[in-house]
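Structure record follows, encoded as structure tokens.
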Amino acid sequence: MIGTIVLVVVIGLLAYIRLAPSDPARWHQPVPYSENTDMQSGAARVIKAEPNALARIDAAARGLQRTSVLAGSVEEGRITYVTRSAVFGFPDYTTVEQNDKQLKLYARQRFGRSDFGVNRDRLEQLLAALEA
């Protein structure tokens with residue numbers, strides 16, 4: 001009986017993680033960092049960039065597996081993406097914005113305490129695509 005209850009609770013939590021809606025008003029916000037920062041739950045990168053950098057990052061981000069646009073556009077100057085983990089579908093949010101010649105990227109998790117560096121790695125992958 002207890003095993004069944006635990007199983008139902010676990011399945012319920014996994015369903016919530018996979019199906020919980022993402023609120024653009026919460027996640028599609030200006031990047032709050034002005035320098036490179038690594039955190040337990042995410043990372044931020046700030047670089048000098050050419051005027052077309054946001055469009056190039058957008059193309060690279062749309063090519064990432066399990067990634068979709070939550071809000072924004074190149075024309076707006078800010079785009080927020082949702083990338084879900086392969087097995088459980090944990091959502092991570094990446095916001096990229098460009099102001100003049102500065103590009104800011106901020107990737108963070110929604111659930112948990114540590115992202116084990118996956119958000120930092122995603123930012124590095126996007127920046128590598130920008131340099132290619």
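Heavy-atom basis, side chains included; hydrogens, waters and symmetry copies ignored.
- Within the 3.5 Å criterion, the main-chain N or O of V46 finds a donor-acceptor partner in the side chain of N36.
- Put simply, V10 and V87 are part of the same group of oily side chains (I, L, V, M, F, W, Y) that touch within less than 4.5 Å, one to the next.
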Q: List the steps and the verdict of side chain to side chain contact (heavy atoms under 4.5 Å, CB included) for L105 and V31.
A: CA-CA 7 Å; L105 301 92; V31 175; over 6 Å; no

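- Going from atom CD1 of I57 over to atom CG of L130 covers 4.5 Å, rounded to the nearest 0.5 Å.
- Between the Q98 side chain and the E50 main chain, a donor and an acceptor come within less than 3.5 Å of each other.
- Across L103 and A49, no two heavy atoms sit closer than the pair CB-CB, 3.9 Å.
- Taking the side chain as every heavy atom from C-beta outward, L127 and I47 approach each other to under 4.5 Å.
- You'll find the side chain of L126 reaches within 4.5 Å of the side chain of L64, heavy atoms only.
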Q. Between V82 and S22, is a side chain to side chain contact (heavy atoms under 4.5 Å, CB included) present by the stated rule, with each step listed?
A. CA-CA 8 Å; V82 179; S22 296; 4.3 Å; yes

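- No side-chain donor from either of T94 and R108 sits under 3.5 Å from a side-chain acceptor of the other.
- Around CD of Q102, the count of heavy atoms belonging to other residues, nucleotides or ligands within 6.0 Å exceeds 12.
- Side-chain atoms of S85 come within 3.5 Å of backbone N or O of F90 as a donor-acceptor pair.
- Checking side-chain atoms of T4 against main-chain N and O of I2 turns up no donor-acceptor pair under 3.5 Å.
- Using a 4.5 Å heavy-atom threshold, the side chains of S41 and R113 count as separate.
- Between P30 and R78 the shortest heavy-atom distance is CG-NH2, 3.3 Å.
- Between the side chain of T95 and the backbone N or O of Y93, no donor-acceptor pair lies under 3.5 Å.
- Residues Q40 and D115 fail the side-chain proximity criterion, which asks for heavy atoms closer than 4.5 Å.
- Shortest non-hydrogen contact noted between R18 and F88 is NH2-C, 3.6 Å.
- The closest side-chain heavy-atom distance from K48 to K101 is not below 4.5 Å.
- Side chain to side chain, E76 and H28 meet the donor-acceptor criterion of an N or O pair below 3.5 Å.
- In this structure the side chain of F116 never reaches within 4.5 angstrom of the side chain of Q109, judged on heavy atoms.
- Checking each of R122, R66, R84 against D92 for a side-chain hydrogen bond (donor to acceptor under 3.5 Å, both in side chains) leaves exactly one that passes, namely R122.
- When the shell of 6.0 Å around CG of D100 is examined, it contains 12 or fewer heavy atoms from other residues, nucleotides or ligands.
- A distance-only check finds no donor-acceptor pair linking the side chain of K104 to the backbone of S34 [under 3.5 Å].
- Ring-plane geometry between Y16 and F111 is classed as perpendicular, the angle between the planes exceeding 60 degrees on a 0 to 90 degree scale with a lower cut at 30.
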Q) Yes or no on side chain to side chain contact (heavy atoms under 4.5 Å, CB included) for E97 and Y106, after CA distance, side-chain angles and deciding distance? A) CA-CA 9 Å; E97 65 184 24; Y106 176 36; over 6 Å; no

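- With 3.5 Å as the limit, one finds a donor-acceptor pair spanning the side chains of D58 and Y81.
- Between R45 and D38 a salt bridge is recorded (basic side-chain N to carboxylate O distance below 4.0 Å).
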